[in-house]
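Structure, as structure tokens:
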Amino acid sequence: MTDQPARWTQATVYPDMWADPDDDPRNSEGPSPDGELATLQDFLANYRMTLRMKCEGLDAEQLARRSVPPSTMSLLGLVRHLAEVERDWRNWISDGDPLPKLYGQRDADFDGAVAEQAVVDAAYADLEREQAATDAALAGHPDLGERLGKERIAVRELMVHRIEEYARHCGHADLLRECVDGRVGQ
């Protein structure tokens with residue numbers, strides 16, 4: 001007998017997928033977006049959705065469950081971390097004083113990811129708010145070559161970095177979810 005959950009998927013068509021293609025909200029009919037900016041925004045939106053999908057159906061304890069010691073990583077910690085990162089990206093493109101950290105000093109986003117529904121609800125609200133604020137701040141800068149902020153970061157570089165950050169953490173979310181309840185998939 002093992003205390004590890006059995007691996008499973010909701011997909012019936014392809015056993016290595018998270019959901020069947022017809023049920024996957026990331027699948028869209030028609031051609032991919034035209035243009036570099038629209039393509040980058042589409043990839044970012046899909047990775048954001050993937051993170052949410054990996055967290056769906058779990059309670060506060062499951063979301064806050066840590067991977068393996070000494071790591072503090074959890075699905076809830078990832079949600080909080082990405083809210084913090086979204087805020088930080090706005091600091092990169094601002095000429096003004098930086099916005100304060102949401103959760104405090106280094107690793108507070110993961111350390112404060114505790115199994116309380118109020119913490120879960122706040123984390124999702126923080127993530128939605130910070131994503132919308134960063135998106136709004138960049139909406140006025142459609143030229144991917146434009147350089148912003150004190151560090152003069154190119155909009156293109158920031159967009160690619162955002163995609164990379166979500167993609168990397170979606171990989172972590174795959175493993176974390178499998179540890180929680182055995183669910184696997186792309």
Side-chain angles (χ1 to χ4, degrees), residues 5 8-11 17-20 23-28 40-68 71-94 98-140 158-186:
W8 65 281
T9 179
Q10 284 186 339
M17 295 183 77
W18 184 258
D20 287 326
D23 298 329
D24 192 331
R26 297 166 299 182
N27 291 346
S28 60
L40 293 171
Q41 290 168 331
D42 186 57
F43 269 83
L44 179 60
N46 282 326
Y47 278 120
R48 284 173 169 176
M49 190 179 307
T50 298
L51 178 69
R52 285 191 171 274
M53 291 169 67
K54 296 294 177 171
C55 295
E56 284 177 352
L58 299 177
D59 62 26
E61 185 280 322
Q62 291 170 313
L63 288 168
R65 194 176 298 168
R66 305 285 168 88
S67 57
V68 292
S71 176
T72 59
M73 192 175 289
S74 66
L75 289 165
L76 179 57
L78 288 177
V79 171
R80 288 167 50 99
H81 172 70
L82 287 164
E84 190 78 77
V85 170
E86 288 280 357
R87 176 173 278 216
D88 198 39
W89 286 325
R90 282 201 319 287
N91 286 332
W92 291 8
I93 63 174
S94 171
L99 297 166
K101 295 276 189 192
L102 285 173
Y103 305 114
Q105 295 305 312
R106 182 182 169 101
D107 291 332
D109 40 5
F110 288 102
D111 291 335
V114 296
E116 296 173 11
Q117 191 59 48
V119 174
V120 171
D121 295 343
Y124 280 113
D126 290 344
L127 182 60
E128 286 179 27
R129 181 190 65 246
E130 297 303 321
Q131 287 173 338
T134 303
D135 292 346
L138 285 170
L158 180 60
M159 289 298 294
V160 170
H161 185 71
R162 292 169 82 196
I163 293 165
E164 177 272 334
E165 184 85 7
Y166 276 91
R168 184 166 53 92
H169 290 312
C170 282
H172 294 135
D174 284 339
L175 296 172
L176 288 163
R177 179 63 187 251
E178 188 173 350
C179 286
V180 169
D181 71 352
R183 188 165 180 192
V184 298
Q186 90 291 2

Original post:
How about Asp109 and Leu102: do any of their side-chain heavy atoms sit closer than 4.5 Å?
Top reply: no
**OP:** Would you sort out whether Arg65 and Ser74 count as a side chain to side chain donor-acceptor pair (under 3.5 Å), showing the intermediate values?
**Re:** CA-CA 6 Å; Arg65 194 176 298 168; Ser74 66; over 6 Å; no
Original post:
With a 4.5 Å heavy-atom cut-off, do Arg183 and Gln10 have their side chains touching?
Top reply: yes
Original post:
If you round to the nearest 0.5 Å, how far is CG of Leu138 from OG1 of Thr134?
Top reply: 7.0 Å
Original post:
Tell me, do His172 and His81 make a side-chain contact under 4.5 Å, heavy atoms counted?
Top reply: no
**OP:** Please report the shortest heavy-atom distance between Leu78 and Ala173, naming the atom on each side.
**Re:** CD1-N, 3.9 Å
**OP:** Give a yes or no answer on whether the side chain of Thr9 reaches the backbone of Gly185 with a donor-acceptor pair at less than 3.5 Å.
**Re:** no
**OP:** Would you please say whether a donor-acceptor pair under 3.5 Å links the side chains of Glu164 and Tyr47?
**Re:** no
**OP:** State, yes or no, whether a side-chain contact exists between Arg162 and Glu165 at a heavy-atom distance under 4.5 Å.
**Re:** no
**OP:** Taking all non-hydrogen atoms of both residues into account, name the closest pair between Ile163 and Leu40 and its distance.
**Re:** CD1-O, 3.4 Å
Original post:
In Å and rounded to the nearest 0.5 Å, what is the CG to CG distance from Leu58 to Asp181?
Top reply: 5.5 Å
Original post:
Can any side-chain N or O of Arg87 pair as donor or acceptor with the backbone N or O of Lys101 at less than 3.5 Å?
Top reply: no
Original post:
So do Met73 and Leu176 actually touch side chain to side chain, heavy atoms under 4.5 Å?
Top reply: yes
Original post:
So, do Val85 and Trp89 sit near enough that their side-chain heavy atoms are less than 4.5 Å apart?
Top reply: yes
Subject >> Taking every non-hydrogen atom, the tightest pair across Ala115 and Ala64 >> reply: N-CB, 3.6 Å
Original post:
What's the verdict on salt bridge (Lys or Arg N to Asp or Glu O under 4.0 Å) for Glu56 and Arg52, showing C-alpha distance, side-chain angles and the deciding distance?
Top reply: CA-CA 6 Å; Glu56 284 177 352; Arg52 285 191 171 274; over 6 Å; no
Original post:
Should Ser67 and Leu175 count as side-chain neighbours, where that means a heavy-atom distance under 4.5 Å?
Top reply: no
Original post:
In Å, rounded to the nearest 0.5 Å, how long is the span from CG of Leu76 to CD of Glu61?
Top reply: 11.5 Å
Original post:
Which pair of non-hydrogen atoms, one from Ala113 and one from Gly77, has the smallest distance, and what is that distance?
Top reply: CB-N, 3.6 Å
Original post:
How far apart are the C-alpha atoms of Gln131 and Asp135, what are their side-chain angles, what is the distance that settles it, and do they pass the side chain to side chain donor-acceptor pair (under 3.5 Å) test?
Top reply: CA-CA 6 Å; Gln131 287 173 338; Asp135 292 346; over 6 Å; no
Original post:
Which heavy atom in Cys179 sits nearest to a heavy atom in Pro5, and how many Å separate them?
Top reply: O-CG, 3.5 Å
Subject >> Euclidean distance, Leu51 CG relative to His169 NE2, rounded to 0.5 Å >> reply: 9.5 Å
Original post:
Counting N and O atoms only, with roles assigned by atom type, does the side chain of Gln62 sit under 3.5 Å from a partner on the main chain of Asp59, one being a donor and the other an acceptor?
Top reply: yes
Subject >> Non-hydrogen side-chain atoms of Gln117 and Asp121 separated by less than 4.5 Å >> reply: yes
Subject >> Closest heavy-atom pair and its distance - Leu127, Leu82 >> reply: CD1-C, 3.8 Å
Subject >> Gap between atom CG of Leu99 and atom CG of Asn91 - 0.5 Å precision >> reply: 4.5 Å
Subject >> Nearest-0.5 Å distance that lies between atom OH in Tyr166 and atom CE in Met49 >> reply: 12.5 Å
Subject >> Residue from Tyr124, Tyr103, Phe110 passing side chain to side chain contact (heavy atoms under 4.5 Å, CB included) with Arg80 >> reply: Tyr103
